[in-house]
Amino acid sequence: MGARGKKVREQDAWLVFEDESGQALRPPRARTWSRIGVSPRVKVSGKGSGRVSVAGMVCAKPDERSRLIYRMLVHHSGRRSEKGGFREDDFAALLDAAHQQLGGNIVLVWDNSTQHKDALMRELLAARRRWLTVFRLPAYAPDLNPAEGVWANLKHDLGNLAACTVDALAGLTRTRLKKMQYRPDLLDGFIAETGLTWTPP
């Protein structure tokens with residue numbers, strides 16, 4: 001992991017990969033089982049109101065079980081008081097929660113999203129530099145982020161379900177993410193998928 005791995009060892013830190021994802025009421029396409037010759041179809045209106053946004057962190061440290069920490073926002077159409085997505089203060093609150101739960105320094109790795117590198121975010125990150133070090137992934141490199149595996153697994157599960165309301169979708173999303181939290185072996189698999197290793201070859 002190059003410089004990131006060196007920082008993790010020097011600071012006895014957690015290596016944390018962050019990413020965001022969203023889901024509307026129209027389920028993603030997925031494969032499922034059915035009788036021979038009968039293609040399964042899930043009918044949805046496609047108009048559904050609202051969206052579920054999730055920010056998640058895959059956290060790893062040598063000799064510790066891998067962890068998944070996430071926060072979710074539910075946005076109902078027509079409710080202007082609700083946030084449509086994560087903002088800088090939401091990311092800062094998620095980092096603070098991760099720092100408290102993990103109980104140690106954090107080496108954060110995330111993409112080059114505008115909200116990750118604007119002036120307000122830089123200011124919020126600077127205020128946490130005592131326990132936080134930040135690295136950015138190269139542009140267009142989702143294959144290097146284990147959090148992408150979390151979203152692929154989540155969307156595969158949601159593809160066979162048809163939630164009628166955004167609150168039902170939020171409940172299904174929360175249940176599946178909680179199940180992943182209790183499967184560190186699955187999280188280790190997402191990390192292994194990226195080809196990243198703790199020790200040099």
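This chain uses plain numbering: 1 for the first residue, then up along the sequence. FYI, side chains are in, hydrogens and waters are out, and symmetry mates aren't considered; it's all heavy atoms of this structure.
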Item to check | side chain to side chain contact (heavy atoms under 4.5 Å, CB included) evaluation trace for Met121 with Phe91 | outcome: CA-CA 8 Å; Met121 195 73 244; Phe91 291 125; 4.1 Å; yes
Next on the checklist: Quick one, Thr194 with Asn145, criterion side chain to side chain contact (heavy atoms under 4.5 Å, CB included). Give me CA distance, side-chain angles, the key distance, then yes/no.
Outcome noted: CA-CA 7 Å; Thr194 66; Asn145 194 338; 5.9 Å; no
Checklist entry - When you look at Ile69 and Leu102, which way does the side chain to side chain contact (heavy atoms under 4.5 Å, CB included) test go after all the steps? => result CA-CA 10 Å; Ile69 299 172; Leu102 299 173; 4.2 Å; yes
Next on the checklist: Using side chain to side chain contact (heavy atoms under 4.5 Å, CB included), reason through Phe190 and Glu148 one step at a time and then give a plain yes or no.
Outcome noted: CA-CA 8 Å; Phe190 297 149; Glu148 295 286 351; over 6 Å; no
Next on the checklist: Go through it in stages, so that I can follow the logic: the residues are Lys61 and Asp12, the test is salt bridge (charged side-chain N to carboxylate O under 4.0 Å, His left out), and I'd like the CA-CA distance, side-chain angles, deciding distance and then a yes or no.
Outcome noted: CA-CA 8 Å; Lys61 185 178 181 182; Asp12 188 32; 3.4 Å; yes
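For CD of Gln115, the number of neighbouring non-hydrogen atoms (other residues, nucleotides, ligands) closer than 6.0 Å is greater than 12.
Asp90 is not listed as a side-chain neighbour of Leu94, based on a closest heavy-atom distance of 4.5 Å or more.
Ion pair Asp96/Arg128 flagged as a salt bridge, since at least one NZ, NE, NH1 or NH2 atom sits closer than 4.0 Å to an Asp/Glu carboxylate oxygen.
Side-chain atoms of His75 do not come within 3.5 Å of backbone N or O of Arg51 as any donor-acceptor pair. In this structure a side-chain-to-backbone donor-acceptor pair under 3.5 Å is present from Arg122 to Lys117. In terms of modelled atom types and a separation under 3.5 Å, the side chain of Gln181 and the main chain of Leu68 share a donor-acceptor contact. Proximity of a side-chain donor or acceptor of His99 to a complementary backbone N or O of Trp131 within less than 3.5 Å is not detected. At least one donor-acceptor pair under 3.5 Å links the side chain of Arg136 to the backbone N or O of His116.
Shown here for Trp110 and Val134, the closest heavy-atom pair between the two residues is NE1-CG1, 3.5 Å.
Side-chain contact of Asp19 with Trp151: a donor-acceptor pair under 3.5 Å is present, judged by distance alone. Using modelled atom types and a 3.5 Å distance limit, the side chains of His76 and Asp167 yield a donor-acceptor pair.
The side chain to side chain donor-acceptor pair (under 3.5 Å) test applied to Arg183 returns no partner, not counting sequence neighbours.
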